[in-house]
A.B. asks: 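Quick one: the structure is below, and I'll ask about it shortly.
Below, chains carry the letters A, B, ... as their sequence lines are ordered, and counting in each starts from 1. Fair warning: this is a prediction, and the values are worked out from it, not measured in the lab.
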There are 2 protein chains.
Amino acid sequence: MTYEQLKLENQLCFPLYAASHLITRRYQPHLEKLGLTYPQYLVLMVLWENNEMTVNEVSKKLILNTNTVTPLLKRMESLELISRQRSGQDERKVIVRLSEKGRQLREDAASIPGKLARGFIPEVISVKEVADLMEKLKRIVGFLSEEKI
Amino acid sequence: MTYEQLKLENQLCFPLYAASHLITRRYQPHLEKLGLTYPQYLVLMVLWENNEMTVNEVSKKLILNTNTVTPLLKRMESLELISRQRSGQDERKVIVRLSEKGRQLREDAASIPGKLARGFIPEVISVKEVADLMEKLKRIVGFLSEEKI
DNA sequence: TGCGATTCTATCGTCTGCGATATAATAATA
DNA sequence: TATTATTATATCGCAGACGATAGAATCGCA
């Protein structure tokens, strides 16, 4: 009987967990200057691409539950980054829209990914390898986020 | 001026973040049967390999801050999975040890990684590709978790 | 039309996760 | 030895993250 599989180093889940947290930590000082948290930054990225979305659409896009997204959006509303408004067509829906402030943050945020990429890519991993990594991760995310499973 | 880099789909951070959460969700139903949360499971994996560790050693291994680990360990102590005891040699240190209950959970947990792997690997990603993914992630984790940076 | 099923958002409780800070013990050094 | 610096853990406050659940609006179908 072996417990090899139960070792931290032999599991995919842990490097994934650790890498995710570590990269979030790298973002943190840059985002702090803009008064944002990492999940708030994710919401803005989604809204920058599509200014008007329902709560449900945002949560689907970020693969988060609505009970995570609702308080997140309320905090962002109180920061005046977005507005929240009940839909007239369907009173169950809440439309989320970027505020002028939220829209303008895009310019300030634009330089962040490049800064982070320059910070670590060439030293440990090539651009090609990052692309390969992303492709695999997206495949996994795509599969695991399918409803039916 | 382009905002291509700011798109969710063009960033490494998001698939990492999403994949990490999604895999944790997969673990959840299995861990629930054992009365564990995912971070508690990580702590146990570390202790199964090394029965006696300080709080600091656990936090280093899991790449978490001690202000995350301390309450986590206290909850695990109240669940009687571990014991916590001040070191005699160095009164600043707290020694964390597996309880009999914590030790025995290893047998129940042993089947979990295999179940999850069978659940998704062959359908989306080959064993070889997973190994490649892990190698890249570990390289990133290794680099980002170096103190000096 | 009417009513049960579904959809959409929100609330609650619990467990992370982390920055800032506190406190005690130990180490280093003047 | 006395003082300062460092180390180890803990506390506090806040922001996620999610399971369970609630409540209102809409849909689907007899």
A.B. asks: Side-chain contact, heavy-atom cut-off 4.5 Å: B/Leu116 with A/Leu12?
C.D. replies: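 The answer is no, as the side chains (C-beta and beyond) never meet within the 4.5 Å cut-off.
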
A.B. asks: If a protein heavy atom is under 4.0 Å from the base, mark B; if only from the sugar-phosphate, S; if neither, -; do that for nucleotides 8-16 of chain C going 5' to 3'.
C.D. replies: SBSB---SB

A.B. asks: Run the salt-bridge test on A/Arg103 and A/Glu100 with the 4.0 Å N-O cut-off and return the result as yes or no.
C.D. replies: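 Result for this pair is yes, salt bridge flagged.
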
A.B. asks: Quick one: do A/Arg84 and A/Glu77 make a salt bridge, cutoff under 4.0 Å?
C.D. replies: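 A salt bridge is present here (some side-chain N lies under 4.0 Å from a carboxylate O).
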
A.B. asks: Between A/Arg139 and A/Glu135, is there a side-chain N and carboxylate O pair less than 4.0 Å apart?
C.D. replies: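 A/Glu135 and A/Arg139: salt-bridged.
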
A.B. asks: Should A/Leu36 and A/Leu81 count as side-chain neighbours, where that means a heavy-atom distance under 4.5 Å?
C.D. replies: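 In short, these two side chains touch, coming nearer than 4.5 Å.
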
A.B. asks: Figure out the CD1/P separation between B/Ile63 and C/dG17, and round it to whole Å.
C.D. replies: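 About 12 Å, once rounded to whole Å.
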
A.B. asks: Mind pulling the stems DNA chain D is in, i.e. runs of at least three Watson-Crick or G-U pairs, everything under 3.5 Å?
C.D. replies: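 So the stems come out as C:1-30 with D:1-30.
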
A.B. asks: Taking only residues two or more places apart in sequence, or in another chain, which ones meet B/Glu9 in a salt bridge (charged side-chain N to carboxylate O under 4.0 Å, His left out)?
C.D. replies: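 For B/Glu9 there are no salt bridge (charged side-chain N to carboxylate O under 4.0 Å, His left out) partners, ignoring immediate neighbours.
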
A.B. asks: Of all residues at least two apart in sequence or in a different chain, which pass the side chain to side chain donor-acceptor pair (under 3.5 Å) check with A/Tyr41?
C.D. replies: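 With sequence neighbours excluded, A/Tyr41 shows a side chain to side chain donor-acceptor pair (under 3.5 Å) to B/Gln11, given in chain and number order.
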
A.B. asks: Under 3.5 Å, is there a donor on one side chain and an acceptor on the other for A/Gln40 and A/Arg75?
C.D. replies: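 Not at all, the side chains of A/Gln40 and A/Arg75 share no donor-acceptor pair under 3.5 Å.
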
A.B. asks: What residues, two or more places apart in sequence or in another chain, satisfy side chain to side chain donor-acceptor pair (under 3.5 Å) together with B/Glu80?
C.D. replies: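 Result, side chain to side chain donor-acceptor pair (under 3.5 Å) vs B/Glu80: none returned.
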
A.B. asks: How would you give the extent of chain A contacts on DNA chain D, as first and last nucleotide 5' to 3' within a 4.0 Å heavy-atom cut-off?
C.D. replies: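 Using the under 4.0 Å cut-off, the span is D/dA15 to D/dT26.
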
A.B. asks: Enter the distance from B/Tyr3:OH to A/Glu107:CD here, rounded to the nearest 0.5 Å.
C.D. replies: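 The OH atom of B/Tyr3 sits 4.5 Å away from the CD atom of A/Glu107.
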
